[in-house]
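Notes follow the structure.
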4 protein chains.
Amino acid sequence: MGKIKKIGVLTSGGDAPGMNAAIRAVVRAAIFNGCEAYGIYDGYEGLIEGNIVRMHSHDVSNIIQRGGTILKTARSEEFRTPEGRTKAYEKMQELGIDALVVIGGDGTFSGARLFCQEHNVHIVGIPGTIDNDLYGTDYTIGYDTAVNTVVDAVDKIRDTASAHNRLFFIEVMGRDAGFIALRSAVATGAEAVLVPEIETDLNDLDRYLEHDYKPHKSSGIVIVAEGDKSGGAYTIADQIAKKHPEYDVRVTVLGHIQRGGSPSAFDRVTASTLGVAAVDALLDDQTSIMVGIMNKDIVHVPFNKAIKNSKPLNHNLLDITEVLSI
Amino acid sequence: MGKIKKIGVLTSGGDAPGMNAAIRAVVRAAIFNGCEAYGIYDGYEGLIEGNIVRMHSHDVSNIIQRGGTILKTARSEEFRTPEGRTKAYEKMQELGIDALVVIGGDGTFSGARLFCQEHNVHIVGIPGTIDNDLYGTDYTIGYDTAVNTVVDAVDKIRDTASAHNRLFFIEVMGRDAGFIALRSAVATGAEAVLVPEIETDLNDLDRYLEHDYKPHKSSGIVIVAEGDKSGGAYTIADQIAKKHPEYDVRVTVLGHIQRGGSPSAFDRVTASTLGVAAVDALLDDQTSIMVGIMNKDIVHVPFNKAIKNSKPLNHNLLDITEVLSI
Amino acid sequence: MGKIKKIGVLTSGGDAPGMNAAIRAVVRAAIFNGCEAYGIYDGYEGLIEGNIVRMHSHDVSNIIQRGGTILKTARSEEFRTPEGRTKAYEKMQELGIDALVVIGGDGTFSGARLFCQEHNVHIVGIPGTIDNDLYGTDYTIGYDTAVNTVVDAVDKIRDTASAHNRLFFIEVMGRDAGFIALRSAVATGAEAVLVPEIETDLNDLDRYLEHDYKPHKSSGIVIVAEGDKSGGAYTIADQIAKKHPEYDVRVTVLGHIQRGGSPSAFDRVTASTLGVAAVDALLDDQTSIMVGIMNKDIVHVPFNKAIKNSKPLNHNLLDITEVLSI
Amino acid sequence: MGKIKKIGVLTSGGDAPGMNAAIRAVVRAAIFNGCEAYGIYDGYEGLIEGNIVRMHSHDVSNIIQRGGTILKTARSEEFRTPEGRTKAYEKMQELGIDALVVIGGDGTFSGARLFCQEHNVHIVGIPGTIDNDLYGTDYTIGYDTAVNTVVDAVDKIRDTASAHNRLFFIEVMGRDAGFIALRSAVATGAEAVLVPEIETDLNDLDRYLEHDYKPHKSSGIVIVAEGDKSGGAYTIADQIAKKHPEYDVRVTVLGHIQRGGSPSAFDRVTASTLGVAAVDALLDDQTSIMVGIMNKDIVHVPFNKAIKNSKPLNHNLLDITEVLSI
């Protein structure tokens, strides 16, 4: 493969705040380096169908602060088949697109990896998911914003919990990972946190509530990751409420607000940094890798590693939750 | 009854942002007018139990911006009985508290009205409820903040709806009244709104979605008041999704975040104005009334009227929703 | 003049949050009523130069929440001359634009009034200015958002004022009117407020600081409207600081942040209501009027009246500031 | 020195959002570890004067989300003298306070270092300053919040800049360091950034404006750190405006809003982590050190090092600003 001239960019999978900042960075870094930039709409679906437009610098003006993704995102059944990926390859050939930057998570990179194996394409991934569950990068784009959204919501709920002396169970996103739950729990001073990575023992929670919460506190917050094995906030709250009718228990499921909103400064900086790094990596002949940030340095992580390994929770934060909820 | 010297203030019923601003105004206006101010904790329950403290000007410093209520709120079964109210009266006599300002909604004023009928007490009410469903005042304290909270949340959901081409059903508070739903719908540019005051015809909604939404729009928002007769956001979304598997339907129930948060400028000004007006009314020998704002003027509305009458929705806003969702 | 078919819309003068919501409402109301809608860029300048594009419903999708104005705004020297207005008229004739909705303030309506007098044009104005200084409407679009922006900023400054026991003078917008200053002062619990409408007696301020602030408070906020006759926050702070070196005095000029930001719910509802009302008024053969809201009703105010009269401050709020700063 | 039993905590120097979260963490971690916790008001001044109170777990309830510092902060002339520090030592002896956690910046740690040299005291520092200019820690408490406050303000100004096609010079805090300026510049997509660490060549800025800004962009943002050698935003804007009357130049100095506001999730997590780490360090017999976070690990940095060394700017971000402003 010769020198890269035309770089396409797409967003795929669940959307995350900061994806627009990353798109902007990819487009401008491509142009800065003498390439043409192409926006691919609706993820891999749009790649197959050729829903692709040339993008200039001003096409990404004034989007750094916007939630969502101007390129939209979709799940593509067709791209999961070899035939679909061949169509995508042919479309790239037809348009002369040499290389791709794909912004998304696990599923996005799995698809990209197969695509790289089967066809002579150059692809670099940018970790964009609120869940922060990608191995090989300290932060994924959207995570910091999602945590701030949760914190802002829990602060509001704390107001009313405290006015009524209530115990709230608040469910946050995270089907397989407790990153959002744990970090929000520390940041909101939650009384307890339940995450998928750790078997929930409701007896432990019960003991804490009896010994530490009930005698000393008039209101409380328990953060529950949606993927917690004990069945979500409603199930847990029910069990606690049945056992302790003396608690005034309430449940809130924060839901999709966690995916939207103007990205935080942190996510915009991460997105801008990784967008530039992705283009640099392509121009350095890298492919089938994700760019990430580890200990402030840009790193290149093979798709394979990013997908297969799982990132551990910060256990120090778990300890801190316990210390600070006395 | 002689000149008023000691004024008690309490918050009761559901809490609302701006209650603290109202407490601050009552306390300072009482002191400004040469009275002593007393904070009564936990609503009528605290009045019966004597959970009451003298408050000085600095006790309400730096609370104007806080959500919740520093005096807390509770529902009191005992105060619903004549015996409970007699106990409350005796406690007031014991402490020499001449008059009360009660901040809350319907239930708060019903209790206050009975209390006034049975005992020689001076009580003025301040409308504090996010639902805005009190007759005799254009705005209740907390309503503007709650609408802004909903709008902020829906803006976030719009980001992700639009990234995925989804149709969202979003449930907001309002068991008997559609004020929050209607105003948020206009402010977020929602595609449709369902309120308790108007019989929901799902066929209408279906027709709108078929003729206006489906051919022209890629994503949409339907705001549903929790008290809507057709059964809440989940029920409606289910029916629509069953009939139209081609829509990508999602549901979010905003829940208790609507009760919290730092009050908006509007609510703080309303709360400050009504707090001062409540003390003025007491000193003018008014009792068994709510102070409200109608057409920018302070008005005095007998508790009886405020409770019995129901405030109509602004039908102009309903029309506007229809015009602007094309 | 026959039936109106093509309606143009422009924004002019200083921009205000909510202008986009008003543009959206005008465009969609026009289309809803069977007319064509045209967006005119850069205010009257764009009208003269023909910087005008047809707008469809989807062109105003997803702008209700955006600050600024997608049509931009500019001051036009040429439109102040009869020749310029004649050019503008000829451009309208050329494009077949029958009627205009102009969104702005004083200057915008002065120009529109002359234009109506000299040419056979139908023009309706929408009050869009953060200053709220237009006679004939209770609220102008952008005012509520600007006040909330100020309140949010002052809340932040209160944190640091209180950490350091400092006295802050904060300058807010309002060259001729104290609406933003007064309302923010009440909403932030400011110790004092200085507005252009009332002669500032620094001796009064000094007395207040000596008798009420110094002995009782450890930190304070004085809100100063930029148009205050005594010369702005820096001048006043200097004089106070010179006389009282014992105060730790600081100054902040809030500046242009007051013009931006996502509009508040209130401003979006006002903008949507007035946008629809403006189109209705044109279709009812109204011209040379501003639509406004008085006591919840839509009103039509001749440009002449809106410009010439001045809206009085709410003196009740001035009294409240005094009562509540004890 | 024997086992530590009583730990005092104070905040000193400029206040920063997140200081309350750190105070809460220190108090609760002390109690969790079987010690008593003492809050020292007004920084070192309060230590000398004995303005000190015992703090229990509930005294730090519900402060994690608050800006400012409940312990207040002050500069102490007396503590700069050996006599002052001796008084402070005697006060600690008198009250039996064994150890201190001091939250602040450069000046705070300089004082603490001398105190440790002269007296047998155990002191651990927590980096709390919005400027992020402390060597030995990736982040200081308050920095992320301050950057988000700047980003939020610049987003608002971008709205109005873009409505009017204006070039804004925005001055942000940072007397000696450009961290806030640089990070905000990347996060807001600023056209250029001027920092104290790099000699500003106005000819460079001028060339950029002529070649990249003027022909391609209609509005722009230049972020200027207050400590920039060329003299601040007003001076630079004046020079550019004089040379290019064709630009519509405006200036805003963001000022003290940067010090306040509810801390971001990031700052709350950092503050909680470092608060616990500071108590752990004391109990591990550490003294005269600052706890920091480097590459996600807790580190112990001698005061001497933290003060004497200067932390370098992230040059990668400078490059990114250039790439992305095309």
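Each chain gets a letter, A, B and so on, in the order the sequences are listed, and its residues count up from 1.
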Check: From A:I130 CD1 over to A:I180 CD1, what is the distance, rounded to the nearest 0.5 angstrom?
Finding: 4.0 Å

Using non-hydrogen atoms only, which part of [X] is less than 4.5 Å away from chain A: side chain, backbone, both, or neither?
{"X": "D:D138", "result": "side chain"}
{"X": "D:R158", "result": "side chain"}
{"X": "D:S162", "result": "side chain"}
{"X": "D:N62", "result": "side chain"}

Please state whether the side chain, the backbone, both or neither of [X] comes within less than 4.5 Å of a heavy atom of chain D.
{"X": "A:I64", "answer": "side chain"}
{"X": "A:S264", "answer": "both"}
{"X": "A:S262", "answer": "side chain"}
{"X": "A:N316", "answer": "side chain"}

Next item on the list: Hey, can you tell me if A:Y139 and A:F266 have their rings parallel, tilted or perpendicular (30° and 60° cut-offs)?
Entry: perpendicular

Notebook entry, point to check: Among A:K296, A:H58, A:Q65, who wins on heavy-atom pairs under 4.5 Å with chain D?
Noted result: A:K296

Checklist line | Among A:D297, A:N314, A:V269, A:D152, residue most engaged with chain D (heavy-atom pairs, under 4.5 Å) | finding: A:V269

Next item on the list: From the options D:T137, D:N132, D:T140, D:D131, select the one residue that forms a side-chain hydrogen bond (donor to acceptor under 3.5 Å, both in side chains) with D:K311.
Entry: D:N132

Check: What residue in D:V27, D:L324, D:V186 has the most heavy-atom pairs under 4.5 Å with chain A?
Finding: D:L324

Margin query: Looking only at heavy atoms and a cut-off of under 4.5 Å, which of D:V276, D:I326, D:I320, D:N148 has the most pairs with chain A?
Written below: D:I326

Margin query: For a quick check under 3.5 Å, do A:R268 and A:T145 share a side-chain donor-acceptor pair by atom type?
Written below: no

Check: So, do A:V150 and A:V147 sit near enough that their side-chain heavy atoms are less than 4.5 Å apart?
Finding: no

Note to self: If the threshold is 4.0 Å, N to carboxylate O, is there a salt bridge linking A:K156 and A:D159?
What the structure shows: no

Item checked: Atom CD of A:E210: over 12 foreign heavy atoms under 6.0 Å -> yes

Next item on the list: Count the heavy atoms of every other residue, nucleotide or ligand shown that sit under 6.0 Å from OH of A:Y135, and state whether that count exceeds 12.
Entry: no

